[in-house]
> 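Here it is: the structure, laid out below.
All of these numbers come straight from a predicted model, not from anything done at the bench.
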Amino acid sequence: MESLHSSSLQTPFFSSQSTVLSNKSVSNPRTISPLMHRVKSRFEPLRCTTSHSSETEAKPKETKLWGGRFEDSVTDIVEKFTESISFDKQLYKHDIMGSKAHASMLAEQGLISFSDRDSILKGLDEIERRIEAGEFVWRTDREDVHMNIEAALTDLVGEPAKKLHTARSRNDQVLTDFRLWCRDAIDRIISSIRHLQVALVKLALNNEGLIIPGYTHLQRAQPVLLQHLLLAYVEQLDRDAGRLLDCRARLNFCPLGACALAGTGLPIDRFMTSEALGFTAPMRNSIDAVSDRDFVLEFLSANSIIAVHLSRIGEEWVLWASEEFGFITPSDSVSTGSSIMPQKKNPDPMELVRGKSGRVIGDLVTLLTLCKGLPLAYNRDLQEDKEPTFDSVKTITGMLEVSAEFAQNITFNYKRIQKALPAGYLDATTLADYLVKKGIPFRTSHDIVGRSVALCVSKNCQLQDLSLEDMRNLSPVFDNDVYEFLGVENAVKKFSSYGSTGFACVADQLDDWAAKLEINKSTCH
């Protein structure tokens with residue numbers, strides 16, 4: 001093979017090149033053209049050698065912990081394809097927690113000695129210390145976080161470690177770890193939601209009385225208080241937190257002890273391990289315990305709804321930061337520029353919030369697709385549930401954090417907003433309410449106000465600019481008190497229904513949220 005490569009590829013090629021190179025250039029590699037270096041590097045991998053140094057000899061593979069039934073080791077390609085340690089090592093804390101609880105239960109039930117339990121617990125403490133100190137070596141040949149920790153424990157404490165997997169399968173072990181991890185992740189996300197809610201409420205408190213155009217169909221609709229709109233975001237986020245809390249309550253049941261799928265004939269105490277790990281109770285059906293992933297589907301669904309809410313905030317703020325709206329100005333600390341256009345100041349964080357929502361939704365779709373055709377009970381496909389979940393949590397946490405940062409670094413342009421308010425006849429619905437109060441049926445009132453707006457369009461004026469005579473030509477019901485309903489500020493004052501944008505209603509809403517989020521209102525403004 002070596003002679004074939006040399007004669008048919010390397011020798012003719014380089015000898016032919018030597019005819020166009022001087023002896024000096026050949027003897028001095030630095031003078032060889034860049035093209036020659038590229039061509040040479042292209043062919044170098046084709047060289048073969050029949051000799052093998054001791055460094056290149058294949059080392060014997062470690063026998064798998066499950067390898068007793070097998071005569072041959074898996075190939076390197078299979079090992080690389082099936083490993084999960086590259087991502088599931090994130091579960092190490094929860095794996096160690098579960099193993100400690102399991103070892104303690106085994107000792108209490110007389111399945112291992114208390115001396116063995118103590119050796120196991122001490123070894124697990126040392127492994128956790130090494131991981132957190134960056135001293136632990138994660139090995140691909142040990143497949144996953146569970147096997148890495150168990151094999152390392154065996155190296156540390158010997159025979160007692162071999163008893164740890166009594167009445168436990170990786171099927172129930174990984175689900176225990178994963179539920180614990182998701183539970184902690186939910187707590188972190190809820191904390192991030194609260195942080196964003198606080199930022200939005202403070203932003204509302206700092207912009208008291210500011211009226212903005214409210215939109216439907218992205219067309220001017222009615223005047224609303226900015227505080228009212230910001231509190232709409234806060235309400236959405238509160239429901240998001242509620243969904244996560246509901247999800248947390250449903251996932252907080254312990255699969256440990258379900259083993260592979262059928263449970264065990266050994267006298268274990270599943271209630272003991274469940275309580276030690278902070279679960280509500282053990283899962284009641286061992287088959288369900290090892291095959292269930294609806295807790296993750298629910299979790300990623302809740303994250304997707306959060307992502308959609310954040311994307312809508314992002315879209316609104318990106319629009320408002322444009323020259324066409326000009327309602328907000330982000331500070332330089334949350335803006336970016338252009339590589340070619342010197343004048344640009346872009347609200348990139350919120351654009352990315354809008355964009356990353358698709359990623360979070362995609363994680364959910366990945367997991368739904370993964371689960372849709374699986375028979376009971378466990379299938380190796382389910383190894384693929386971790387990466388979408390890890391990504392969803394990381395992404396949604398970042399989106400929440402940057403949205404809060406952005407909210408703390410924007411100012412509202414009062415003059416620009418006030419200049420924009422007269423357009424769009426925002427007080428038209430309030431004028432219709434005026435006629436209803438005068439006894440006119442709403443549909444008739446709607447028609448009268450519609451014709452009033454048409455008159456304004458023809459006169460190029462606002463409703464409040466119409467004379468009383470103009471109005472009485474449309475309906476004799478109009479009187480001087482009609483002007484108390486016209487203009488955006490008067491219109492906002494007239495809102496009084498529960499949850500509306502009226503000044504008093506919004507003030508009550510703000511007080512409620514400030515109390516709920518423990519915000520000291522005196523520190524705002």
> For T336 and D348, which I'm curious about, is there any donor-acceptor pair between the side chains at under 3.5 Å?
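Yes, D348 and T336 have a side-chain donor paired with an acceptor closer than 3.5 Å.
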> Tell me whether E132 is salt-bridged to K93, with the criterion being a basic N under 4.0 Å from an acidic carboxylate O.
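Looking at E132 and K93, the cut-off is met.
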> I'd like to know if D294 and R250 make a salt bridge, using a cut-off of under 4.0 Å between side-chain N and carboxylate O.
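No salt bridge links D294 with R250.
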> Between E315 and R312, does any NZ, NE, NH1 or NH2 come within less than 4.0 Å of an OD or OE carboxylate oxygen?
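So R312 does not pair with E315 through a salt bridge.
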> Any side-chain heavy-atom pair from L300 and V360 closer than 4.5 angstrom?
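Result no, sub-4.5 Å side-chain heavy-atom pair not found.
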> Would you indicate whether F271, at its atom CZ, is surrounded by more than 12 heavy atoms from other residues, nucleotides or ligands within a distance under 6.0 Å?
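No, not enclosed.
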> Have E316 and Y233 got a donor and an acceptor in their side chains that come within less than 3.5 Å?
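Judged by distance alone, the side chains do pair up.
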> What's the separation between atom OG in S331 and atom CG in N409, rounded to the nearest 0.5 Å?
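If I round to the nearest 0.5 Å, the distance is 3.5 Å.
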> Is the closest basic N to carboxylate O distance between E83 and R139 below 4.0 Å?
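R139 and E83: not salt-bridged.
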> Any donor-acceptor pair under 3.5 Å linking the side-chain atoms of N148 with those of Y92?
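No, no side-chain donor-acceptor contact under 3.5 Å.
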> Hey, does V334 have a side-chain heavy atom less than 4.5 Å from the side chain of M350?
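Not in contact.
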> Kindly list each side-chain donor-acceptor pair under 3.5 angstrom involving residues 106-115, sequence neighbours excluded, with atom names and distances?
from, atom 1, to, atom 2, distance (Å)
Q109, NE2, P267, O, 2.7
S113, OG, D116, N, 2.9
S113, OG, D116, OD2, 3.3

> Measuring from Q173:CD to C259:SG, what's the distance to the nearest 0.5 Å?
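Reported to 0.5 Å precision, the distance equals 11.0 Å.
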> Would you call the rings of F327 and W320 parallel, tilted or perpendicular, taking 30° and 60° as the class edges?
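Tilted, since the angle between the ring planes falls between 30° and 60°.
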> Under 4.0 Å between a side-chain nitrogen and a carboxylate oxygen: does that hold for D187 and R248?
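Judged by the 4.0 Å cut-off on N to carboxylate O distance, D187 and R248 do form a salt bridge.
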> Could you state the interatomic distance from CD (Q227) to CD (E208), rounded to the nearest 0.5 Å?
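It is 5.5 Å, given to the nearest 0.5 Å.
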> Once side chain to side chain donor-acceptor pair (under 3.5 Å) is applied, do any residues pair with N346, and if so which ones, sequence neighbours excluded?
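Counting only residues at least two positions away or on another chain, N346 forms a side chain to side chain donor-acceptor pair (under 3.5 Å) with K344.
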> Run the salt-bridge test on E150 and R142 with the 4.0 Å N-O cut-off and return the result as yes or no.
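Looking at R142 together with E150, the answer is no, because their closest N to O distance does not fall below 4.0 Å.
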> Between the main-chain N or O of G214 and the side-chain N or O of Q222, is there a donor-acceptor pair closer than 3.5 Å?
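Not at all, since once roles are kept as given, no pair shorter than 3.5 Å links the two residues.
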> Does any donor atom in the side chain of H146 or D177 lie under 3.5 Å from an acceptor atom in the other side chain?
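Yes, side-chain donor-acceptor contact under 3.5 Å.
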> Against R179, only a single residue in D292, D172, D385 fulfils salt bridge (charged side-chain N to carboxylate O under 4.0 Å, His left out); can you say which?
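Single pass found, and it is D292.
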> Assess whether atom NE2 of H165 is packed by more than 12 heavy atoms of other residues, nucleotides or ligands within 6.0 Å.
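Yes - once you tally the heavy atoms of other residues, nucleotides and ligands closer than 6.0 Å, there are more than 12.
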> Quick check against the 3.5 Å criterion: does S500 have a side-chain atom that pairs as donor or acceptor with the backbone of S497?
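Checking the backbone N and O of S497 against the side chain of S500, a donor-acceptor pair under 3.5 Å is found.
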> Going through the distances and angles, do D238 and K516 end up as a salt bridge (charged side-chain N to carboxylate O under 4.0 Å, His left out)?
CA-CA 11 Å; D238 207 50; K516 185 175 182 178; 2.8 Å; yes
> When L200 is tested against each of L237, L205, L517 for side-chain contact (heavy atoms from CB on, under 4.5 Å), which residue passes?
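When L237, L205, L517 are each tested with L200, the side-chain contact (heavy atoms from CB on, under 4.5 Å) holds only for L237.
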> So, taking the atom named CG in L124 and the one named CD1 in I96, what distance separates them when rounded to the nearest 0.5 Å?
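L124 CG to I96 CD1: 6.0 Å, rounded to 0.5 Å.
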